[in-house]
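In what follows, a single structure is set out as structure tokens and then discussed.
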Amino acid sequence: MSYWLMKSEPEECSIDDLARLGRVPWTGVRNYQARNFMRDDFAVGDGVLFYHSSCPQPGIAGLAEVCSAAYPDATQFDPASPYHDPKSDPAKPRWLHVDVSFVRKTRLLALPELRQTPTLAGMRLLQPGNRLSITPVTPAEWQEILKLLDAASPSPR
DNA sequence: GCCAACGTTGGC
DNA sequence: GCCAACGTTGGC
């Protein structure tokens with residue numbers, strides 16, 4: 001059992017969208033490292049931190065779970081899709097994705113709070129220059145984050 | 001196989 | 001809208 005952090009722009013798919021749909025195909029990943037994580041390292045039942053990115057309040061917004069094996073991303077063959085990849089051969093699809101199912105919405109664990117937490121300093125997400133949309137989370141980081149999610153939000157000062 | 005140019009990501 | 005960081009592309 002592994003743990004992952006997956007970024008999603010809430011304008012495209014927020015934690016509320018996932019809650020409503022129950023399950024979504026994680027289409028549109030066009031980065032080889034992120035694809036390889038899904039293809040080689042993901043397993044059904046893995047824990048997912050659902051992260052809101054490119055929005056007014058970036059941070060962890062909920063928990064989800066991997067609920068399928070990796071399979072070809074249909075959007076790569078759709079000329080009308082923004083994720084269309086004309087260089088991908090249908091006989092040998094370049095891009096894959098998994099499906100992810102809703103577990104629960106949490107309070108927003110905002111990026112500054114993550115950065116302020118010493119035990120999370122090693123998180124891949126927080127490393128300088130990180131842009132990967134899918135990053136591994138260690139069991140220790142997962143536990144620490146669950147603890148923070150259950151605690152009250154820090155009071156503003 | 002090098003590497004400069006270009007595109008994308010994503011926080012601020 | 002800026003910009004730093006990084007990945008990808010393509011000429012050589």
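Note: hydrogens, waters and symmetry copies are ignored here, and every other heavy atom, side chains too, is used. Letters go in sequence order (proteins before strands), and every chain restarts at 1.
Close to B/dT8, at under 4.0 Å from its OP1 or OP2, lies no side-chain N or O of A/Y83. Side-chain N/O atoms of A/K87 include none lying less than 4.0 angstrom from OP1 or OP2 on C/dT8. Phosphate contact (OP1/OP2 of B/dT9, side-chain N/O of A/K7, threshold under 4.0 Å): absent.
To the nearest angstrom, C1' of B/dG11 lies 13 Å from CD of A/Q57. Atom CG of A/L111 is separated from atom C1' of B/dT9 by 14 Å (rounded to the nearest Å). Rounded to whole angstrom, the span from the OH atom of A/Y32 across to the P atom of B/dG7 amounts to 18 Å. The distance from atom CD of A/Q33 to atom C1' of B/dT9 is 14 Å, rounded to the nearest whole Å. Look at CH2 on A/W95: it is 10 Å from C1' on C/dG7, rounded to the nearest Å. Rounded to a whole Å, the CG atom of A/N130 is 13 Å from the P atom of C/dA5. Regarding A/R124, its CZ atom lies at a distance of 13 Å from the P atom of B/dG10, rounded to whole Å. Here B/dT9 presents its P atom at 16 Å from CG of A/L125, a figure rounded to the nearest Å.
Candidate nucleotides B/dG10, C/dT8, B/dC12 were compared by shortest atom distance to the side chain of A/S54, and B/dG10 ranks first.
The base of B/dT8 sits within donor-acceptor range of the side chain of A/R131, with an N or O pair under 3.5 Å.
Two different hydrophobic clusters hold A/V48 and A/L5 under the rule that ILVMFWY side chains link at heavy-atom gaps under 4.5 Å.
The aromatic ring centroids of A/F50 and A/W4 lie 6.0 Å or more from each other.
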Could you walk me through whether A/H52 and A/Q57 pass the side chain to side chain contact (heavy atoms under 4.5 Å, CB included) check? CA-CA 8 Å; A/H52 283 176; A/Q57 280 221 295; over 6 Å; no
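Ion pairing of A/D85 with A/R94 is present here, as a side-chain N (NZ or NE/NH1/NH2) and a carboxylate O approach within less than 4.0 Å.
Between the side chains of A/Y83 and A/D78, no donor N or O sits under 3.5 Å from an acceptor N or O.
At the heavy-atom level, A/E9 lies nowhere under 4.0 Å from the strands shown.
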